[in-house]
Each structure stands twice: as structure tokens, then as C-alpha cells.
Amino acid sequence: MRDARRLLNEYKLTDFQRQVLLATAKIPKGETRTYKQIAAAVHRPNAYRAVGSVMRMNPFAPTIPCHRVVKSDGSIGHYSGRGGSKAKENMLRREGAL
DNA sequence: CAACACAAAGTAG
DNA sequence: CTACTTTGTGTTG
């Protein structure tokens, strides 16, 4: 997580991206958060799509646990990482979040 | 500077 | 349960 913060400080990002990536990195293991919660955490309660937009291009793909971010109803949603949503669900199961 | 795209959520039927 | 509309930010032209 500390590694993510260092990268956020180094990387050229907008304030929104920093907050979103940081908030995502702060999600406790074995727990999931909705895009809505992430958006609310960065004071953009209606920017849940923007959060996904940032995650999609995620410059820290393996550094930020974006797989812990799920839809409001608990669905996995999409995942641009390796294995896609399938791997995402698998990771959540291993962490005890699902 | 303007238009397009998105990993969602909300509301309606 | 399924379908359509809405919304904010990033990226690309």
C-alpha cells in the first residue's frame, strides 16, 4: 500500500485519480467496497463511473487492488486485469471477501 | 477546445 | 428480472 502512495506522489495524475487510487489501495483485505463508496470517499458521490475509467487505464494495475471494488449489489462487474472478472472473483474468495 | 468512452448506479417497466 | 437513462472524469483527436 505504501508503495502505491509513493507511486501516486511520483506519477503525474489528477487529484481525482490520486484519491481514487489511494482509496482503493486502502481497502482492507477480506473486504470489498462499491464504486459508489470509492466515489463518495473522494467527494465525488456521482463519479463512480469516473472511478472505473481511472481503474480501466490503471497505471498501477497490480499495485492497486482494484479487484476489491465491486458493484453496489455485490456483483463482480468487469476487470481489465489478467483473468478478467473470473480471476477477480477467485481472488475475493481467497481473501474471504466473498 | 470538443467529442467520445467507461470496470456503474439508479429508475422505470 | 430486464431495459433505458443518467453522470463525472479520463483520454484521444
Side-chain angles (χ1 to χ4, degrees):
Chain A
M1 179 195 284
R2 200 45 160 263
D3 191 54
R5 291 186 67 176
R6 181 174 61 77
L7 290 172
L8 290 175
N9 187 46
E10 292 279 314
Y11 216 90
K12 176 68 175 81
L13 298 169
T14 66
D15 185 60
F16 179 78
Q17 283 187 323
R18 285 186 187 180
Q19 292 178 84
V20 170
L21 293 168
L22 184 60
T24 305
K26 288 161 86 171
I27 302 174
K29 179 183 178 184
E31 191 173 319
T32 55
R33 293 189 67 175
T34 68
Y35 287 93
K36 196 66 175 299
Q37 292 299 317
I38 296 294
V42 298
H43 307 129
R44 263 44 172 200
N46 288 67
Y48 38 73
R49 302 188 68 179
V51 175
S53 224
V54 174
M55 293 298 181
R56 208 261 300 188
M57 284 183 252
N58 194 350
F60 317 110
T63 312
I64 303 293
C66 30
H67 60 268
R68 288 184 190 156
V69 186
V70 298
K71 294 185 46 168
S72 62
D73 73 315
S75 300
I76 296 301
H78 284 203
Y79 185 58
S80 300
R82 169 153 148 82
S85 54
K86 182 177 177 180
K88 180 175 178 177
E89 186 177 326
N90 185 29
M91 281 187 276
L92 292 174
R93 287 180 183 280
R94 280 185 297 169
E95 293 181 353
L98 192 62

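In what follows, chains carry the letters A, B, and so on, assigned in the order in which the sequence lines appear, proteins first and then strands, with residues in each chain numbered from 1.
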- Under 4.0 Å between a side-chain N/O of A/Gln17 and OP1 or OP2 of C/dT11, yes or no? yes

- For the side chain of A/Met57, counting heavy atoms from C-beta on, which of B/dA7, B/dA9, C/dT11 is nearest? C/dT11

- Message: In whole Å, I'd like the distance from the CD atom of A/Gln19 to the P atom of C/dG8.
- Response: 16 Å

- How close or far is atom P of B/dG10 from atom CZ of A/Arg49, stated in whole angstroms? 13 Å

- Query: A/Lys88 has an atom NZ; how far is it from atom C1' of B/dA7, in whole Å?
  - Reply: 6 Å

- Where the side chain of A/Thr34 is concerned, which of C/dG8, B/dC6, B/dA9 is the nearest nucleotide? B/dA9

- Using a 4.0 Å heavy-atom cut-off across all strands, classify A/Arg44 as base, sugar-phosphate, or nothing. sugar-phosphate

- Query: What is the distance, rounded to the nearest whole Å, between atom OH of A/Tyr48 and atom P of B/dT11?
  - Reply: 9 Å

- Could you check whether A/Ser72 gets within reach of a base, just the sugar-phosphate, or nothing at all, counting any heavy atom under 4.0 Å? sugar-phosphate

- Message: Between A/His67 and A/Glu95, do the side chains contain a donor N or O and an acceptor N or O under 3.5 Å apart?
- Response: yes

- Task: Select base, sugar-phosphate, or nothing to describe what A/Ser85 touches, counting heavy atoms under 4.0 Å on all strands.
- Result: nothing

- Item | Test item: A/Arg68 side-chain N/O and A/Ile27 main-chain N/O as donor-acceptor pair under 3.5 Å | yes

- Please work out if A/Ala50 contacts a base, only the sugar-phosphate, or nothing of the nucleic acid, heavy-atom cut-off 4.0 Å. base

- Rounded to whole angstroms, how far apart are CE on A/Met55 and P on C/dG10? 13 Å

- Pairing partner of B/dA7 (Watson-Crick or G-U wobble, both distances under 3.5 Å): none

- Message: Quick check against the 3.5 Å criterion: does A/Gln19 have a side-chain atom that pairs as donor or acceptor with the backbone of A/Asp15?
- Response: yes

- Task: Calculate the interatomic distance between A/Lys12 atom NZ and C/dG10 atom P; express it in whole Å.
- Result: 10 Å

- Can you tell me the distance, in whole Å, between the OH atom of A/Tyr11 and the P atom of C/dT11? 9 Å

- Query: What does C/dT7 pair with, Watson-Crick or G-U, if both distances are under 3.5 Å?
  - Reply: none

- Message: So A/Phe16, base contact, sugar-phosphate only, or nothing? Heavy-atom distance under 4.0 Å.
- Response: sugar-phosphate

- Item | A/Lys71 backbone acceptor or donor facing A/Ser75 side chain under 3.5 Å | no

- Message: Side-chain N or O of A/Thr14 versus OP1/OP2 of C/dG10: is the shortest distance under 4.0 Å?
- Response: yes

- Message: Taking A/Val70's backbone N and O only, do any of them form a donor-acceptor pair with A/Lys88's side chain (distance below 3.5 Å, no angle check)?
- Response: no

- Rounded off to whole Å, could you give me the CG-to-P distance for the A/Asp73 and B/dA9 pair? 7 Å

